[in-house]
Visitor: 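Let me give you the structure first, and then I'll get to my questions.
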There are 2 protein chains.
Amino acid sequence: MTNRYRIGDLATRLAVPTQTIRYYEHEGLLPKPARTEGNYRVYGIAERERLTFILHCRALDMTLDEIRHLLRLRDVPGQGCAEVNSVLDAHIGHVAERIRLLNDLQLQLKDLRARCESPSTSKDCGILQGLASFPTAQDGGASRAGVHGRRAQE
Amino acid sequence: MTNRYRIGDLATRLAVPTQTIRYYEHEGLLPKPARTEGNYRVYGIAERERLTFILHCRALDMTLDEIRHLLRLRDVPGQGCAEVNSVLDAHIGHVAERIRLLNDLQLQLKDLRARCESPSTSKDCGILQGLASFPTAQDGGASRAGVHGRRAQE
DNA sequence: AGAAACTTTATAGTAGCTTTAAGGTCAAGC
DNA sequence: GCTTGACCTTAAAGCTACTATAAAGTTTCT
């Protein structure tokens, strides 16, 4: 049977660092597991499935708070799932908004880039001048769209 | 003349918190300014312009490292600006990649959402089941697109 | 003179981990 | 029996780009 795992087994199987598993436990997303005599964590099928659920949610870029919310709903199987829908709809809304912001940003960046097609000295560089004089993003600016994700440049 | 500012003046004019200005100084993006007798920071036109440059870059969602790089290039006016172009092109690439990832993510989320159009109990909810069994984002997954930006939900 | 409004530094908190340190456990090999 | 190495343990610091708080000093207004 393969339904008893130590933390490293679980980590390898689900391709997640062991520290992250401990972190999820610390954050209350995973329950405190049983321990061996030597104080090693022991996980079963239920925990493996719960962690899979969490990882899928993270792959969909939900926050730990959103995931906590879904896990609570999952833990009460009798409830209606209208609330599940609303968590997901809210998240879809976040993503849509983010895409909109990034598209705006991309337009601005390409506009800026077009100011220096012919290389000159940086003193006269249209890009550097553009960055120094560009209208301030007082309102309607890019407003921190979050381009630089951890795994984005792999 | 309005070319001598204390930190609060500068902050108000450029709509940035004073702490952020000190932080940029701490991070070496702004030089250590002159001080009054009472040890207050004093800024002139050059610093104001430099801060404006930084804020525009941030509005375009560049990292402080990218900005540091551009500032260095800006500080050596005789250099060619091919490198400016390449910093900007790299950043445009980051944004494009992020948009692509988020579009993928949006597709997955909508697919998931479609599993529960008719509300049932959460035990049978297609969404929760989907999240538990969805193919793991082993490769080609959403890979942390960063949806939840600081100012995104304002 | 005294209060309000500004400034100073230092420190901690945010999200979601990753990294490091300093050590304990366990199976295999000599 | 003892060591080596792979695994595990906890706690704490580091990452980005700030934001918030505390405790104190300075300047300005009345």
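Throughout, a chain's letter reflects where its sequence line sits, starting with A, and its residues are numbered from 1.
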Visitor: Given 3.5 Å as the limit, does a donor-acceptor pair link the side chain of Thr52(B) with the main chain of Arg48(B), or not?
Guide: yes

Visitor: Rounded to whole angstroms, how far apart are CD1 on Ile54(B) and C1' on dA17(D)?
Guide: 13 Å

Visitor: Has the side chain of Arg98(A) got a donor or acceptor atom that lies under 3.5 Å from a matching backbone atom of Leu102(A)?
Guide: no

Visitor: Rounded to whole angstrom units, what separation is found between the CG atom of Leu30(A) and the P atom of dG16(C)?
Guide: 15 Å

Visitor: How long is the line joining CD1 of Ile67(A) and P of dA15(C), in whole Å?
Guide: 13 Å

Visitor: Would you mind reading off the distance between Arg68(A) atom CZ and dA15(C) atom C1', rounded to a whole angstrom?
Guide: 11 Å

Visitor: Test of understanding: with side-chain hydrogen bond (donor to acceptor under 3.5 Å, both in side chains), list the residues that count as partners of Arg100(B), not counting sequence neighbours.
Guide: Glu97(B)

Visitor: Distance check needed: dA17(D) P versus Tyr24(B) OH, whole Å only.
Guide: 9 Å

Visitor: What's the closest nucleotide to the side chain of Thr20(B) if the choices are dT19(D), dT7(C), dC17(C)?
Guide: dT19(D)

Visitor: Name all residues meeting the side chain to side chain contact (heavy atoms under 4.5 Å, CB included) criterion together with Tyr40(B); count only those two or more places apart in sequence or in a different chain, and write none if there are none.
Guide: Arg6(B), Thr36(B)

Visitor: Not counting sequence neighbours, which residues clear salt bridge (charged side-chain N to carboxylate O under 4.0 Å, His left out) with Arg113(A)? List them please.
Guide: Glu117(A), Asp89(B)

Visitor: Would you mind reading off the distance between Arg58(B) atom CZ and dA17(D) atom C1', rounded to a whole angstrom?
Guide: 6 Å

Visitor: Taking only residues two or more places apart in sequence, or in another chain, which ones meet Glu49(A) in a side chain to side chain contact (heavy atoms under 4.5 Å, CB included)?
Guide: Ile45(A)

Visitor: For Arg68(B), enumerate each residue passing the side chain to side chain contact (heavy atoms under 4.5 Å, CB included) test, keeping only those at least two apart in sequence or located in another chain.
Guide: Glu27(B), Leu29(B), Leu64(B), Asp65(B)

Visitor: Could you tell me which residues satisfy salt bridge (charged side-chain N to carboxylate O under 4.0 Å, His left out) with Glu25(B), sequence neighbours excluded, listed by chain and number?
Guide: Arg41(B)

Visitor: With distance as the sole test, does His91(A) use its side chain to make a donor-acceptor pair with the main-chain N or O of Leu60(A) at under 3.5 Å?
Guide: yes

Visitor: Before accepting this row, confirm whether a basic side-chain N of the pair Arg50(A)/Asp75(A) lies closer than 4.0 Å to the acidic partner's carboxylate O.
Guide: yes

Visitor: Do any N or O atoms of the protein come closer than 3.5 Å to N or O atoms of nucleotides 28-30 of chain D, and which pairs are they?
Guide:
none

Visitor: Measure CG/Asp9(B) against C1'/dT7(C) and give the value in whole Å, please.
Guide: 12 Å

Visitor: Of all the choices, dT19(D), dC8(D), dT8(C), which nucleotide is nearest to the side chain of Gln19(B) once you look at every atom?
Guide: dT19(D)

Visitor: Against the six-membered ring of Phe53(B), is Arg74(B) placed for a cation-pi contact (under 6.0 Å from the centre, within 45° of the normal)?
Guide: yes

Visitor: Using the C1' atoms of the five pairs at each end, what is the angle between the end axes of the helix from dA1(C)-dT30(D) to dC30(C)-dG1(D), to 10°?
Guide: 30°

Visitor: Rounding to an integer number of Å, can you tell me how far Ile21(A) CD1 sits from dG16(C) P?
Guide: 17 Å

Visitor: Please evaluate the base of dC7(D) for a donor-acceptor partner in the side chain of Tyr40(A) within a cut-off of under 3.5 Å?
Guide: yes

Visitor: For every nucleotide of nucleotides 10-16 of chain D, 5' to 3': is a protein heavy atom under 4.0 Å from its base (B), only from its sugar-phosphate (S), or from neither (-)?
Guide: B------

